[in-house]
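What follows is one structure encoded as structure tokens, with my remarks underneath.
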Protein chains: 2
Amino acid sequence: MMGTAEEVCASSCTVDYVQAGLRVLEGRWKLVIVSHLFRNSLLRFSELERLIPGITQKMLIQQLRALEADGVVERIAHPVVPPHVEYRLTPDGLGLEGALIALDDWARTRHQPA
Amino acid sequence: MMGTAEEVCASSCTVDYVQAGLRVLEGRWKLVIVSHLFRNSLLRFSELERLIPGITQKMLIQQLRALEADGVVERIAHPVVPPHVEYRLTPDGLGLEGALIALDDWARTRHQPA
DNA sequence: CCGTATCCTCTCTGATACTG
DNA sequence: CAGTATCAGAGAGGATACGG
């Protein structure tokens, strides 16, 4: 009933799920976006744009939409003129912290074997 | 213009490091390869090829080389004819397990909110 | 057995211009 | 302000054939 692969890592960790997790954060910008939302909890489109030098509007909206579709980010549009839209992490998105810390630890320790 | 990023997630987790960690496992095959090496600890090229349906020799060697360059897997070539080459996780590669489990937990719980 | 070498396609990324 | 539309380049991924 589960996915296609019964691939398993050491203990009981399914490749399909890990791959899904990785996919959510894949690419050049998603992690940067998410990290800003971790720190600020509520950001407007233009604020994200300013906080992330080098990103284009196209890439920003594209990645935000992907994160939204994955249930990581929530889009809050206020019906005013001019438009006012805010983004924040969903509860589910906040749950990513453990995985991010684990990856951080791993990548960090290999450069500081001490 | 990828800054040296002092981007930080909730507590003290650096974007650069997390991104490095993600990059190591990125793509369609690396995770599958690593998971097989987690379970079998020592596999020949041809064994991996057989264990991973659909992968081409090019992709297999390409991903193995990338993982090797990242210090995650080790290539052991026995100087015999015909060639005999084995792959296994490095101690560093084994350290990925925590991150994989964290990602797995996250991806798994969002599909089973119960 | 363990790879290389080509060639081709498709996705990702980005620059630029425009709009409700 | 918060997006869309278009076009183009680079690279990841893959099919197939060949080589030590």
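Per chain, numbering begins at 1; letters A, B, ... match sequence-line order.
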Please work out which of the three classes, parallel, tilted or perpendicular, describes the rings of Y17(A) and H111(B), given edges at 30° and 60°.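 Rings of H111(B) and Y17(A): tilted, 30 to 60°.
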Between the side chain of E49(B) and the main-chain N/O of S46(B), is any donor-acceptor distance below 3.5 Å?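 Between the backbone of S46(B) and the side chain of E49(B) there is no qualifying donor-acceptor contact (under 3.5 Å).
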Intermediate values then yes/no, side-chain contact (heavy atoms from CB on, under 4.5 Å), V85(A) and Y87(A): CA-CA 7 Å; V85(A) 179; Y87(A) 293 90; 3.8 Å; yes
Atom [atom1] of [X] and atom [atom2] of [N]: how far apart are they, to the nearest Å?
X: L60(A); N: dA2(D); atom1: CG; atom2: C1'; value: 10 Å
X: Q57(B); N: dA15(D); atom1: CD; atom2: C1'; value: 12 Å
X: R65(B); N: dG3(C); atom1: CZ; atom2: C1'; value: 7 Å
X: M59(B); N: dA12(D); atom1: CE; atom2: C1'; value: 7 Å
X: E49(B); N: dT4(C); atom1: CD; atom2: C1'; value: 14 Å
X: I61(A); N: dC18(C); atom1: CD1; atom2: C1'; value: 16 Å
X: Q63(A); N: dT11(C); atom1: CD; atom2: P; value: 16 Å
X: Y87(A); N: dC1(D); atom1: OH; atom2: P; value: 14 Å

Considering only [options], which nucleotide approaches the side chain of [X] most closely?
X: T56(A); options: dC2(C), dA15(C), dC1(D); value: dA15(C)
X: Q62(A); options: dA2(D), dT13(C), dG13(D); value: dT13(C)
X: S46(A); options: dA2(D), dC1(D), dG3(C); value: dA2(D)

Side-chain N,O (R44(B)) to OP1/OP2 (dG3(C)) below 4.0 Å: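 For R44(B), the contact criterion (side-chain N or O under 4.0 Å from OP1 or OP2 of dG3(C)) is not met.
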It should be established whether R75(A) places a side-chain nitrogen or oxygen under 4.0 Å from OP1 or OP2 of nucleotide dG3(D).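 Checking dG3(D) against R75(A), a side-chain N or O does come within under 4.0 Å of OP1 or OP2.
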Could you check whether E68(A) pairs with R75(A) (Lys NZ or Arg NE/NH1/NH2 to Asp/Glu carboxylate O, under 4.0 Å)?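 No, E68(A) and R75(A) are not salt-bridged.
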Both P83(A) and G27(A) contact DNA chain C. Taking the nearest nucleotide for each, which residue is further toward the 5' end?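 Between the two, 5'-proximity favours G27(A).
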Measure from NZ or CZ of R110(B) to the centre of the six-membered ring of W106(B), then state whether that distance is under 6.0 Å and the direction lies within 45° of the axis.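 Here R110(B) passes the 6.0 Å and 45° test against W106(B).
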